[in-house]
Colleague: 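Before I ask anything, here is the structure I am working with.
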Protein chains: 2
Amino acid sequence: MSNEEHILTEHGVKPTANRILILKTILEEERPLSMTEIETILETVDKSIISRTLATFREHHLLHDIEDGSDSVRYEVCHGHHHDGLCCDEGNDLHVHFHCEACGRTFCFEKTHIPIVNYPEGFQIHSINYMAKGLCPECSAKSGNNDK
Amino acid sequence: MSNEEHILTEHGVKPTANRILILKTILEEERPLSMTEIETILETVDKSIISRTLATFREHHLLHDIEDGSDSVRYEVCHGHHHDGLCCDEGNDLHVHFHCEACGRTFCFEKTHIPIVNYPEGFQIHSINYMAKGLCPECSAKSGNNDK
DNA sequence: GACATCGTTGCAACTGAGTTGCAAAGTTTA
DNA sequence: TAAACTTTGCAACTCAGTTGCAACGATGTC
């Protein structure tokens, strides 16, 4: 049983060929992927399948979505501590994401936690999205602007 | 000359009837509006006009866009300090936004600044989006779950 | 093994947000 | 008033994502 099959079964999702493939893709990229990005990588898989598969994964808390705003929602597999079927960002391991404006990739700063601020009275906070944008090291080097 | 006309002229945008109307709407709501929300409020104005007007406003730094992820991009007029044609979030007055998952409205916590965290080496940060989600006071009260 | 059942697949058709083409209307300048 | 330019408003388009539906495949029962 492959790692992907294991993760799927663990979350109560039947490990079909497409699901294994899609999960494998997201895991291998090691960064949050949008539906369109998955579509591009997996040319052979119909977008309706990707759409439905991602919905299934979400329902089973196998991944969570992050928003980098610039285009579409991206999906990230929870590598953090899973307990009670929750993935990291549904628990307390909120981390910062970074979206490169040049190459369009989104990165996880897993070591960097989101600082909690004081909110006005009466607001109930359920989740927080901390998204920084700019240039990733590679694009920063390419553009010849190498200072930090 | 109305306040709206003044703002438009100040930013080098010719104050036409539609532009005044759209700006007035955004100002009056006092919270970031999405294109669709503006469309709903201003039934008489065609969405192509709203689309083009918002593009014009953006080009002239009259407003900036924030992303609450859940649906579309929202626009907010800069009430902060404007200098050099930059609006607040393009300068250093980054503040926290809050999106209510029940009523779908987005609020500005203008008093709450985004805390800056340490990023991994090599990443150039240009902008930051700090978006909290949950229930606003009104929806929180309605749902009978009134604790903070 | 044959049959019924149920979830999954893959195509096509749809939806909804947003943009663009284009001609008519309005504004500005000489 | 005429020429040049901008804005308007409709319709047509684009693009991402979802849904309808029939075919397919896996699983379970007799």
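Since the structure is predicted, the reported quantities are computational estimates derived from the model, not experimental observations. A, B, ... follow the sequence lines: proteins, then strands. Residue 1 opens every chain.
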Colleague: Side-chain donor-acceptor pair under 3.5 Å between B:Asn18 and B:Thr16, yes or no?
Modeller: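 Their side chains do not contain a donor-acceptor pair, so the 3.5 Å distance test is not met.
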Colleague: Whole angstroms only, please: what is the CD-P distance between A:Glu39 and C:dG10?
Modeller: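 So the two atoms are 14 Å apart, to the nearest Å.
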Colleague: May I have the distance from A:Ile22 (atom CD1) to D:dG17 (atom P), rounded to whole angstrom?
Modeller: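 Whole-Å distance recorded here is 14 Å.
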Colleague: Please give, in whole Å, the distance from D:dT6 P to B:Leu8 CG?
Modeller: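 One finds 17 Å between P of D:dT6 and CG of B:Leu8, rounded.
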Colleague: Does some side-chain heavy atom of A:Glu121 sit less than 4.5 Å from a side-chain heavy atom of A:Phe123?
Modeller: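 A side-chain contact is absent here, since even the closest heavy-atom pair is not under 4.5 Å.
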Colleague: For the residue pair A:Phe98 and B:Tyr119, is the inter-centroid distance of their aromatic rings smaller than 6.0 Å?
Modeller: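 When the ring centroids of A:Phe98 and B:Tyr119 are compared, they turn out to be at least 6.0 Å apart.
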Colleague: Taking only Lys NZ, Arg NE, NH1 and NH2, and the carboxylate oxygens of Asp or Glu, determine whether B:Glu4 and B:Arg19 approach each other closer than 4.0 Å.
Modeller: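 Salt bridge: no.
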Colleague: Tell me which residues in residues 46-55 of chain B lie within less than 4.0 Å of DNA chain C, going by non-hydrogen atoms.
Modeller: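 Contacting residues: B:Lys47, B:Ser48, B:Ser51, B:Arg52.
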Colleague: Please state how far atom CD in A:Glu59 lies from atom C1' in D:dT18, giving the value in whole angstrom units.
Modeller: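 From A:Glu59 CD to D:dT18 C1': 14 Å.
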Colleague: Answer yes or no: is there an ion pair linking A:Arg74 with A:Glu37, defined by an N-O contact shorter than 4.0 Å?
Modeller: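 Salt bridge between A:Arg74 and A:Glu37, a charged N being under 4.0 Å from a carboxylate O: yes.
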Colleague: In whole angstrom, give the distance that lies between atom CD of A:Glu43 and atom P of C:dG10.
Modeller: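 Distance, rounded to whole Å: 15 Å.
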Colleague: Send over the distance from B:Met35 CE to C:dT20 P, rounded to a whole Å.
Modeller: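 Nearest whole value for this atom pair: 12 Å.
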Colleague: Between C:dG18 atom P and B:Arg58 atom CZ, what is the distance in whole Å?
Modeller: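 Roughly 10 Å, once rounded to whole Å.
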Colleague: Under 4.0 Å between a side-chain N or O of B:Asn18 and OP1 or OP2 of D:dT7?
Modeller: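 No, B:Asn18 has no side-chain N/O under 4.0 Å of OP1/OP2 on D:dT7.
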Colleague: Would the distance check show the side chain of A:Glu29 and the main-chain N or O of A:Ile26 forming a donor-acceptor pair, the cut-off being under 3.5 Å?
Modeller: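 It does not hold such a pair.
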Colleague: Shorter than 3.5 Å, N or O on both sides, protein versus nucleotides 22-29 of chain D: list them out with atom names.
Modeller:
none

Colleague: If I compare all heavy atoms of A:Leu54 with all of A:Leu63, which pair ends up nearest, and what's the gap?
Modeller: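 Distance-wise, the nearest heavy atoms are CD2-CD2, 4.2 Å.
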Colleague: Can you tell which of D:dT7, C:dT19, C:dT9 lies closest to the side chain of A:Thr16?
Modeller: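 The closest nucleotide is C:dT9.
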Colleague: When you measure from the side chain of B:Thr9 to the backbone of B:Glu5, do you find a donor-acceptor pair of N or O atoms at a distance under 3.5 Å?
Modeller: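 Yes, because the side chain of B:Thr9 sits within donor-acceptor range (under 3.5 Å) of the backbone of B:Glu5.
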Colleague: Rounded to whole Å, please give me the gap between CG in A:Leu33 and C1' in D:dA16.
Modeller: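 Rounded to the whole Å, the gap is 16 Å.
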Colleague: Considering non-hydrogen atoms only, spot the tightest contact between A:Thr106 and A:His97 and give its length.
Modeller: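 So the minimum-distance heavy-atom pair works out to CG2-CB, 4.5 Å.
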